[in-house]
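Below: the structure, in C-alpha cells.
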Amino acid sequence: QVQLVESGGGLVQAGDSLRLSCAASGGHFPSYAMSWFRQAPGKERVFVAAVGWEGAETKYSDSVKGRFIISRDDAKNTVYLQMNSLKPEDTAVYFCAAGPTHYPSHYSSHYNNWGQGTQVTVSS
C-alpha cells in the first residue's frame, strides 16, 4: 500500500501558475503509474493527467492539455503537476493517485491508492 500526501494548493488569480506535489511512501514508487484527478464542488471526480513508468508516457484531459504538465521524480518518490494559465474553472480539490499499471490511464478504477487532496482556487 502506498501513502500519498499532496501539497502546493492555494488561492491564485486567473492566469497565474501553481505547482502541486504528491509525495509517496510505503511502496515501490517507480512501479506505479501516477495521476491527478480533481473534483469541483457538486461535481464528480474527473481525470486531469497521468504519467506512466519512468515518465515515458503522459496523458492529459482535453481541458488541461497545453496548460498543465505532469512529471515524476522517482528518486524523490514524488509526482508533480505544473499548472499554468489557470482559469476559474480549474477550481477544485486535486487528488493524487497511484496504480499498479505501466501506462498512464484516465480511469479512476485503475488507481488503488489515493491522497486526501489539496484545494486549488482560481479567482477571476
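Note that the numbering runs from 1 along the sequence shown for the chain.
Distance CD/Q119 to CD/Q39: 10.5 Å, rounded to 0.5 Å. The CG atom of N113 lies 4.5 Å from the CD atom of Q1; values are rounded to the nearest 0.5 Å. A distance of 12.5 Å separates CD of E57 from CD1 of I70, quoted to the nearest 0.5 Å. Atom-to-atom distance recorded for F68:CZ and W36:CH2 is 11.0 Å, nearest 0.5 angstrom. Taking OH of Y80 as the reference point, atom OG of S7 lies at 9.0 Å (rounded to 0.5 Å). The structure places CG of N112 at 6.5 Å from OH of Y32, a figure rounded to the nearest 0.5 Å.
Note on F37: it does not cluster hydrophobically with L81, by side-chain heavy-atom contacts below 4.5 Å among ILVMFWY residues. By the criterion of side-chain heavy atoms lying less than 4.5 angstrom apart, applied directly or through intervening Ile, Leu, Val, Met, Phe, Trp or Tyr residues, V79 is not grouped with W114; the two fall into different hydrophobic clusters.
With a 4.5 Å cut-off on side-chain heavy atoms, F29 and M34 count as touching. Inter-residue side-chain proximity for M83 and V64 is flagged as unmet; no heavy-atom pair is nearer than 4.5 Å.
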Sequence neighbours excluded and cut-off under 3.5 Å, please list the side-chain donor-acceptor pairs for residues 11-25, or say none.
residue, atom, partner, partner atom, Å
D16, OD2, Q13, N, 3.1
S17, OG, N84, OD1, 3.0

Review item, side-chain donor-acceptor pairs of residues 91-107, under 3.5 Å, at least two apart:
residue, atom, partner, partner atom, Å
T91, OG1, P88, O, 2.9
T91, OG1, V122, N, 2.9
T91, OG1, V122, O, 3.4
Y94, OH, R38, NH1, 2.8
Y94, OH, D90, O, 2.6
S105, OG, Y107, N, 3.1
S105, OG, H110, ND1, 2.6

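Sequence neighbours left out, not one pair with a member in residues 46-87 passes disulfide bond (SG atoms under 2.5 Å apart).
The backbone N or O of A33 sits nowhere less than 3.5 Å from a side-chain atom of R72 that would complete a donor-acceptor pair.
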